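Order of the sequence lines fixes the chain letters, A, B, ..., with proteins taken first and strands second; residue numbering starts at 1 for each chain. Here the structure is a predicted model, which is why all the values come from computation and not from measurement. Only heavy atoms go into these numbers, but all of them, side chains included; no hydrogens, no water, no symmetry mates.
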Protein chains: 2
Amino acid sequence: MARSPSATSPSPEPKKPAYHHGDLRRALLDATVQLIEEQGLEAVSVREVARRTGVSPGAPFRHFPSRTALLTAVAEVAQERLVQAVEASLRNEDQVDPLLKFRAIGRGFLRWAFANPTHFQVISSRAVIEYERPSLRERNDGLRGTMHALLTQAAATGGLRPGEVSRHVLAGRALVYGLARMHIDGQFPSWGVDGANALDESIAILDQFIASISA
Amino acid sequence: MARSPSATSPSPEPKKPAYHHGDLRRALLDATVQLIEEQGLEAVSVREVARRTGVSPGAPFRHFPSRTALLTAVAEVAQERLVQAVEASLRNEDQVDPLLKFRAIGRGFLRWAFANPTHFQVISSRAVIEYERPSLRERNDGLRGTMHALLTQAAATGGLRPGEVSRHVLAGRALVYGLARMHIDGQFPSWGVDGANALDESIAILDQFIASISA
DNA sequence: ACCTGAACACCGTTCAAGT
DNA sequence: ACCTGAACACCGTTCAAGT
């Protein structure tokens, strides 16, 4: 299982530092993601990540002040991907009906969360993201603004049922968040939905919700 | 900090075992709940629980085979309380309209979850409840059946918007679950809702959802 | 029958010392 | 500037030995 990378380096010049070097930070991040994917969030230990990256137990602390900070960094990467997936889903919606665009956002969220359960778990596990990076904040606020604008537009053209627009927005968000969490918490089976159908069923539920708030 | 309980027992007969004795299991459960309430779920260690109960590090393992099993036991107690709170909320609803009864279930869920965030967190943290106790299963299924029956009744009397009843049920459940999780995950502030108003706002969102699915 | 206390193999984190 | 490796104070879990 153990390899000695120095066995095949005859040149005595600067050749020895082969891989633990330039971008240890990224290597640590990659190893963490892989470890989460293999064994789950709880299995992540700084020492194991260091081991997989081939560095000493203390090395990661040069790049992340704590285990939590390491996971926060992973969560930021994941959240960025989620937002991008949602934005892409919105762009790919060719309908102009604002409610259908709103639905495309929700569908994008659900698809990404179900396709990347471990990443979604990291994102939504509290106390892991403690300080909010402004860039992410901005992006998130942007998406929220888009959702609000879409429903406001729907309301203006008489396509939305009565009620506070911001509450409709939050209901939609809570609905998809709840569905995604129920999935990673393994709750669908006890609600009569086979795990394999969970995504399709969730999308159907979202669609029915959209239909419900349509005038 | 340390106490010696044997100092004040002159009788040589069965009097010495003063407190770590009869129901250590319950004492451990209580100490765990208290620890969670004080320091959060992550701070729970078997050793600390043992320390607080005044027993040796290995003692808890006579009653719970693992740390996870200990937390599972706590989760079961919490889930039982949640179900009871929801059932009480339903009983206290004096309206006969099935949709209002359905709403009372959701409100009961929200109120309990917001009033007992740490307990709710334990319940909804995956991999903590691994084996399902039949009694809880039954109760949960019972509640699900009640929700389904209420919406079926509403549909029969023409009070429900078109759509699959079971999907309306699941939407309602996912909505309140999502709202409760957003709360304990601290997400309301970034959605423009002050933490102090989170419960009232959540109830308002639920009410609006109920109104949306009303015919 | 139930608990103690030592033991084992881990962990997060720090910090001098090395290159 | 970045990493090593020893050290410290924890942890979950096991198990002989005590009562």
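Comparing A:Val44 and A:Arg62 against DNA chain C, the residue whose closest nucleotide sits nearer the 5' end is A:Val44.
A:His63 has its NE2 atom 7 Å from the C1' atom of D:dC2, to the nearest Å. Put simply, CG on A:Leu24 is 17 Å from P on D:dA1, counting in whole angstrom units. In this structure, B:Leu71 places its CG atom 14 Å from P of D:dC11, rounding to the nearest Å. When rounded to the nearest whole Å, the span between CD of B:Gln39 and C1' of D:dC10 equals 14 Å. Regarding B:Phe61, its CZ atom lies at a distance of 14 Å from the P atom of C:dC3, rounded to whole Å. Rounded to an integer number of Å, the gap from B:Arg25 CZ to C:dC3 C1' is 17 Å. Taking atom CZ of A:Arg67 as the reference point, atom C1' of C:dC11 lies 10 Å away to the nearest angstrom. Summarising the geometry, the separation between CZ on A:Arg47 and C1' on D:dC8 is reported as 11 Å, rounded to the nearest angstrom.
Of the candidates D:dT13, C:dT4, C:dT14, the closest approach to any side-chain atom of B:Ser56 belongs to C:dT4. Side-chain atoms of B:Ser66 lie closest to D:dT13 of the nucleotides D:dT13, D:dT4, D:dC11.
When only modelled atom types and interatomic distance are considered, B:Gln187 and B:Arg181 share no side-chain donor-acceptor pair under 3.5 Å.
Counting heavy atoms from C-beta on, the side chains of B:Arg173 and B:Phe109 come closer than 4.5 Å.
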